[in-house]
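Note that ligands are numbered from 1 as they come in the structure, with each ligand's atoms numbered from 1 the same way. Heavy-atom basis, side chains included; hydrogens, waters and symmetry copies ignored.
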Amino acid sequence: MQDYTKLIAEINELKKEKNAIILAHNYMLPEIFEVADSVGDSFELSKAAQEMECETIVFAGVHFMAEAAKLLNPSKKVLLPSLAAGCFMADTVNAIGLQRLKNKHPNAPVVVYMNTTAAVKALSNSTLTSSNAVKVVESFEEDTLIFAPDKHLCEYVQSQTKKTLIPWQGFCHVHTQLSPQYLKEMKEKYPNSLSIIHPETPERVTKLADHICGTGGMAKYIAQHPDIKTFLIGTEVGMTHRLQAEFPNQEIISLMGSCINMKQITLENIKSSLLNDTYEINIDEKIFDAAQNSMLEMMKRS
Ligand code: 13P
Ligand code: SF4
């Protein structure tokens with residue numbers, strides 16, 4: 001492994017100078033955890049940002065996560081080190097398309113996954129994430145809701161509620177790579193293992209899983225099973241590195257590939273971000289309040 005000692009020390013110095021913190025999503029490259037003030041899933045990080053004293057947040061994650069941090073921390077400067085760090089799933093829905101679907105179902109409240117732009121959140125009644133999706137959906141009085149953009153998360157939530165969900169047809173190209181055949185083969189190869197699969201994965205796979213949860217729930221599940229030696233992890237491969245470091249006495253095996261968006265963030269561009277204030281996240285004031293309300297609704301309802 002490359003020696004990052006000098007770069008890590010420079011970043012830590014710049015953090016002090018700029019009164020900045022670094023938030024890192026679970027999928028980041030392992031060396032980025034060395035400079036992170038908080039590591040977690042997208043929702044945990046947005047909440048953590050609210051509790052930390054600082055002037056600047058450098059978000060080591062993708063664009064929608066940095067926008068969510070800005071929505072919850074309007075007075076802080078939020079920086080995303082690379083504008084190439086988008087999200088394939090978030091790009092499957094835009095405000096014009098969602099407005100069209102809303103027009104077809106005028107009485108249905110709209111819930112949207114964290115993986116959406118601020119403009120899409122602004123058209124919704126509440127945001128949700130994988131750990132609180134069922135609770136948020138159940139909190140509405142109405143029986144029918146529009147759910148965007150992930151059709152697989154929607155499928156999973158639909159299996160847990162009597163409400164009727166109208167899905168947007170979005171998906172993540174990383175989580176849809178996993179086939180039921182491969183999961184079966186791996187379970188045969190490791191007969192005493194437990195499999196944990198992210199709900200962005202299609203139902204034909206999750207129905208074979210021992211446990212379904214977002215990245216935030218995976219460590220908790222492993223900690224509850226100290227006697228199990230092997231875990232099969234069905235989410236972006238970076239999560240496996242993080243879990244293996246946390247559970248060195250258990251074998252953590254990845255079932256998925258890499259998210260190219262997440263891998264745009266490097267120690268080099270984090271340093272440059274701190275030096276040059278790149279790239280600042282600004283949200284159009286016409287949509288800011290509505291998008292922020294959607295995030296605050298999630299917090300109230302979950
Ligand atoms: P989490 O909210 O579980 O971190 O998931 C975000 C994501 O983009 C998963 O692909
Ligand atoms: Fe988006 Fe999929 Fe990458 Fe998560 S893994 S950031 S949903 S493209």
Side-chain angles (χ1 to χ4, degrees), residues 23-29 32-33 36 38-49 59-69 71-72 80-94 111-117 120-121 127-136 147-157 168-178 196-202 205-206 209 211-222 233-243 254-265 295 298-299 302:
L23 303 179
H25 187 264
N26 289 319
Y27 296 165
M28 286 294 105
L29 294 161
I32 289 173
F33 299 141
S38 183
V39 177
D41 67 24
S42 44
F43 180 49
E44 287 165 346
L45 291 175
S46 292
K47 275 196 304 185
F59 212 109
V62 293
H63 193 270
F64 77 82
M65 296 180 183
E67 273 194 340
L71 289 171
L72 293 180
L80 181 68
S82 167
L83 287 179
C87 167
F88 179 84
M89 183 196 287
D91 289 345
T92 62
V93 60
N94 63 20
V111 289
V112 297
Y113 193 23
M114 285 285 286
N115 299 36
T116 45
T117 60
V120 165
K121 285 188 178 77
T127 301
L128 48 72
T129 190
S130 44
S131 59
N132 60 27
V134 177
K135 207 165 172 196
V136 170
F147 190 112
D150 187 9
K151 64 176 174 180
H152 298 301
L153 180 63
C154 181
E155 220 168 41
Y156 169 68
V157 177
W168 188 264
Q169 295 297 321
F171 62 92
C172 162
H173 65 314
V174 180
H175 288 79
T176 46
Q177 284 168 1
L178 181 58
I196 313 175
I197 311 288
H198 198 289
E200 288 176 17
T201 312
V205 182
T206 52
H211 187 59
I212 304 168
C213 66
T215 63
M218 293 185 175
K220 284 184 207 120
Y221 185 74
I222 297 175
I233 306 299
T235 195
E236 203 270 348
V237 63
M239 187 71 210
T240 318
H241 305 140
R242 162 143 159 59
L243 292 173
S254 178
L255 300 172
M256 276 182 205
S258 176
C259 169
I260 189 74
N261 301 302
M262 289 280 181
K263 271 44 188 188
Q264 299 302 316
I265 308 296
M295 294 278 300
M298 163 169 68
M299 289 175 158
S302 59

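Rounding to the nearest 0.5 Å places CE of M262 at 11.0 Å from CG of L29. With rounding to the nearest 0.5 angstrom, the CE atom of M239 is 8.0 Å from the NE2 atom of H25. A distance of 8.5 Å separates CZ of F43 from CG of L72, quoted to the nearest 0.5 Å.
Minimum interatomic distance between S82 and I265 (heavy atoms only, all atoms of both residues): N-CD1, 3.9 Å. Across all non-hydrogen atoms, the minimal contact from L178 to G234 is CD2-CA, 4.4 Å.
Listed by chain and residue number, the protein N/O/S atoms under 2.8 Å of atom 2 (Fe) of ligand 2 are C172 SG, with waters left out.
Using the six-membered ring where Trp is involved, Y221 and H211 have ring planes that are parallel, under 30° apart on the 30 and 60° scheme.
Listed by chain and residue number, E200 satisfy the side-chain hydrogen bond (donor to acceptor under 3.5 Å, both in side chains) test with Y113 (two or more places apart in sequence, or in another chain). With sequence neighbours left out, the side-chain hydrogen bond (donor to acceptor under 3.5 Å, both in side chains) criterion links E236 to K263.
The nearest heavy-atom contact from the protein to atom 4 (Fe) of ligand 2 is Y27 CE1, 4.0 Å.
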Could you pull out the N/O contacts under 3.5 angstrom between ligand 1 and the surrounding protein atoms?
residue, atom, partner, partner atom, Å
ligand 1, 2 (O), S42, OG, 2.8
ligand 1, 3 (O), H198, NE2, 3.0
ligand 1, 3 (O), T215, N, 3.0
ligand 1, 3 (O), T215, OG1, 3.2
ligand 1, 4 (O), H25, NE2, 2.6
ligand 1, 4 (O), S42, N, 3.4
ligand 1, 4 (O), T215, OG1, 2.8
ligand 1, 8 (O), N115, ND2, 3.1
ligand 1, 10 (O), Y27, OH, 3.1
ligand 1, 10 (O), E200, OE1, 3.0
ligand 1, 10 (O), E200, OE2, 3.3

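Interface atoms of ligand 2 facing M262, defined by a heavy-atom separation under 4.0 Å, are 6 (S).
Checking each of T240, T215, D41, T235 against Y27 for a side chain to side chain donor-acceptor pair (under 3.5 Å) leaves exactly one that passes, namely T235.
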Practice task
Could you walk me through whether T201 and H175 pass the side chain to side chain contact (heavy atoms under 4.5 Å, CB included) test, one step at a time?
Solution key: CA-CA 5 Å; T201 312; H175 288 79; 3.8 Å; yes
